[in-house]
There are 2 protein chains.
Amino acid sequence: MNAQPKLKPYVIGLDLGGTNSVFGIVDSRGEIKATTAIKTQGFDKVEDYVEASVTALQPIIEQVGGIDNIKAMGVGAPNGNYYKGTIEFAPNLAWGHNGIVPLADLFSEKLGIPVALTNDANAAALGEMIYGVARGMKNFIVLTLGTGVGSGIVVNGQLVYGHDGFAGELGHVIMRRENGRSCGCGRHGCLEAYCSATGVARSAREFLLNSDEPSLLREMNPYDITSLDVSIAASKGDKLALRVYEFTGKMLGEACADFAAFSSPEAFIFFGGLTKAGDLIMEPIKKSYNECVMKIFKDKAQFLISGLDGSSAAVLGASAIGWEI
Amino acid sequence: MNAQPKLKPYVIGLDLGGTNSVFGIVDSRGEIKATTAIKTQGFDKVEDYVEASVTALQPIIEQVGGIDNIKAMGVGAPNGNYYKGTIEFAPNLAWGHNGIVPLADLFSEKLGIPVALTNDANAAALGEMIYGVARGMKNFIVLTLGTGVGSGIVVNGQLVYGHDGFAGELGHVIMRRENGRSCGCGRHGCLEAYCSATGVARSAREFLLNSDEPSLLREMNPYDITSLDVSIAASKGDKLALRVYEFTGKMLGEACADFAAFSSPEAFIFFGGLTKAGDLIMEPIKKSYNECVMKIFKDKAQFLISGLDGSSAAVLGASAIGWEI
């Protein structure tokens, strides 16, 4: 008679962001038992990144009793392909492999456990559905407003991966078809070029350049302005900074009105650095949405800010993929 | 011992269009056994429309052996709500009930069989999935190019209804945010205002007005020009008419590039009068899509014309809903 296979009580979640890679070891109730992090940038080859990750993981894996206690690993990554376990043509990650990086396989070989991978925003959406404000919802859209604009779309209670695993790139719908801002994806006029944290800083610089309006932001070197600076100025009543948030929120509302025509979600859930501005960004979004949307969708959707702290939503979401392997 | 319940071998499908209402009695293999039709317009109250429909249906119901042989009825209708069986705020149907018309219940009471209802374009998508070019596909989008522009979106093998039953209104994403054409929905710049059959005729009139370019279309009263006239002129090499198709196809390609960012479908399937122009419309769509779409989606999606004849796709699709009750 064989011994019963040992239960493995943990999964590893990895939130692979443009700047930081955050790892968490998570139990079946969604409690993060241990975390670690490395910088995402500074590696020429993905193999070096995986090596550095595994080195950083070793102590926290030991902390929970070793790799035998870990069932699997889930990764949320930019341009992550759920079906193939690859990161494909991620604008900020030059990691060789002709742009198609087999990250899940590489981690799986090094760690000796199964590894699955999805878009970082899809991971955030899973996190919201299992642990966050989308509990019980079957149709919702998560928009991540960080360095870029990402999205995770849930329809009929399932993540939308599309036929190739790349669905849910709502940061790259075109909002300005003429004279649109250049975008990291190589095209022009994308939502991300305006409504990411970097887009907000860019708007502030444009507004400063195109008027003589007094503003607290004029005290700074324009190139140093971040979305956080704009938020601080706006919270002090700075009119130019307030106009930047109105402009950003208006465009997000217009975009959400188009998204409603697609999947008519019960809620739009906003996640990431830009949501720290609270009503400064949320009120213009709601106002613009209700002004723009088709009559049949008016005043139906909720506009929510993620209820999960900091990067934990993404780590928890990534870990949730691990349980499903 | 009870007698075994009698098998009911047929369903009724109703394609409720802006102009005509086409009924078909369909067997389980998708064969249309009998059809009839009435004009959709000319009724002040929905009750009168249902009355006229049932009168028209009577002879073909008798033809298949009476109502006892009919399991259910499925309806494809503009602004049809699958969850509630209602038509809500359909721009071209002033049928009382404060704009929320309980069509499924009214038919069900009159006929004594269950009735389900969905968006006409969703019905077309079901038709394509069960009987048409989308057989075997799990992720695709049907765009209906008729009097308006409708859409049926399939994700993971399921129709996207959204939280309220109104998802899939891709004719009403905004393609021109400044100086957009007025649309039947009360807003401006919608895809439908440019890329429906009426939109194509409108483009031709605009192109004629804004230039002195010679064109076969100048022989007509501008107000009489239809998309069919534009198609005939284009097929004779008329340059202005060809430009109208290039303009229309370019915009459809741009729109599809945004839709790819949403659900990354395996195919875009075009249905309705405008597709009769064949390559005149399809080639500019494909060219524009591949120029506009994000790198990760390039050259992946198929662009297909519906393989189902005339209105049978919509009738078959509507009937398919009947089988699922």
Side-chain angles (χ1 to χ4, degrees), chain A residues 79 81 88-91 99 137-141 151 153 155-178 183 185-191 251 254-255 257-267 291-297 300-302, chain B residues 79 81 88-91 99 137-141 151 153-178 183 185-188 190-191 251 254-255 257-267 291-297 300-302:
Chain A
N79 289 25
N81 187 312
E88 305 195 10
F89 309 116
M137 291 186 191
K138 296 274 188 200
N139 294 279
F140 66 94
I141 295 178
S151 65
I153 305 164
V155 163
N156 295 336
Q158 300 167 348
L159 264 174
V160 176
Y161 288 116
H163 87 289
D164 59 354
F166 288 124
E169 285 290 352
L170 299 186
H172 299 280
V173 298
I174 305 297
M175 298 303 294
R176 290 287 178 272
R177 296 191 186 275
E178 283 168 27
C183 180
C185 73
R187 303 178 309 151
H188 289 83
C190 296
L191 182 64
M251 188 180 285
E254 286 170 2
D258 278 352
F259 304 157
F262 206 104
S263 69
S264 189
E266 178 176 349
E291 278 169 11
C292 294
V293 79
M294 283 183 86
K295 186 176 176 181
I296 46 168
F297 299 121
K300 280 183 177 174
Q302 298 178 65
Chain B
N79 289 24
N81 187 311
E88 304 194 10
F89 309 115
M137 290 186 192
K138 297 274 187 198
N139 293 279
F140 66 93
I141 295 178
S151 66
I153 305 164
V154 171
V155 163
N156 295 336
Q158 300 168 349
L159 264 175
V160 177
Y161 288 117
H163 87 287
D164 60 353
F166 287 124
E169 285 290 353
L170 298 186
H172 298 280
V173 297
I174 305 297
M175 297 304 293
R176 290 286 179 271
R177 296 190 187 276
E178 283 167 27
C183 180
C185 74
R187 304 178 308 152
H188 290 82
C190 295
L191 182 65
M251 189 180 284
E254 286 170 0
D258 278 351
F259 304 159
F262 205 102
S263 69
S264 188
E266 177 176 350
E291 279 170 9
C292 294
V293 80
M294 282 183 87
K295 185 175 177 184
I296 47 169
F297 300 121
K300 281 184 178 173
Q302 296 178 68

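Below, read A as the first sequence line, B as the second, and so on, with proteins coming before strands; counting in each chain starts at 1.
Interface residue B:M175: backbone and side-chain heavy atoms are both found under 4.5 Å from chain A. There is no contact between A:F140 and chain B, counting heavy-atom distances below 4.5 Å. Only the side chain of B:I153 comes within contact range of chain A, with at least one heavy atom under 4.5 Å from a heavy atom of that chain. For B:N81, no part lies near chain A; criterion is any non-hydrogen pair under 4.5 Å. Heavy atoms of B:V293 lying under 4.5 Å from chain A belong exclusively to its backbone. Only the backbone of A:C292 comes within less than 4.5 Å of a heavy atom of chain B; no side-chain atom from C-beta onward does. Contact annotation for B:L191: neither backbone nor side-chain heavy atoms come within less than 4.5 Å of a heavy atom of chain A. Heavy atoms closer than 4.5 Å to chain A are found in the side chain of B:F89, but not in its backbone.
Distance CG/B:N139 to OH/A:Y161: 12.5 Å, rounded to 0.5 Å. Residue A:I174 holds its CD1 atom at 8.5 Å from CD of B:E254, rounded to the nearest 0.5 Å. Between the CD atom in B:E88 and the NZ atom in A:K295 there is a gap of 11.0 Å [rounded to 0.5 Å]. To the nearest 0.5 Å, the span separating CZ on B:F262 from CD1 on A:I141 amounts to 4.0 Å. Interatomic distance, B:N156 CG to A:N156 CG, rounded to the nearest 0.5 Å: 8.5 Å. In this structure, the separation between SG on A:C190 and CE on B:M294 is 7.0 Å, given to the nearest 0.5 Å.
When each of A:Q158, A:M137, A:R177 is scored by its heavy-atom pairs under 4.5 Å with chain B, the top score falls to A:R177. Of the listed residues B:D164, B:L170, B:N79, the one with more heavy-atom pairs under 4.5 angstrom with chain A than any other is B:D164. Among the candidates B:H188, B:H172, B:E266, B:R187, the residue making the largest number of heavy-atom pairs closer than 4.5 Å to chain A is B:R187.
Although no hydrogens or angles enter the test, the distance criterion places a donor-acceptor pair under 3.5 Å between the side chain of B:H163 and the main chain of A:S264.
Atom NZ of A:K138 has 12 or fewer heavy atoms from other residues, nucleotides or ligands within 6.0 Å.
Between A:F297 and B:F166, the ring planes lie perpendicular to each other; the angle is over 60°, past the 30° to 60° tilted range.
Contact record, B:V173 with A:A261: CG1-CB, 4.3 Å, taken as the closest heavy-atom pair.
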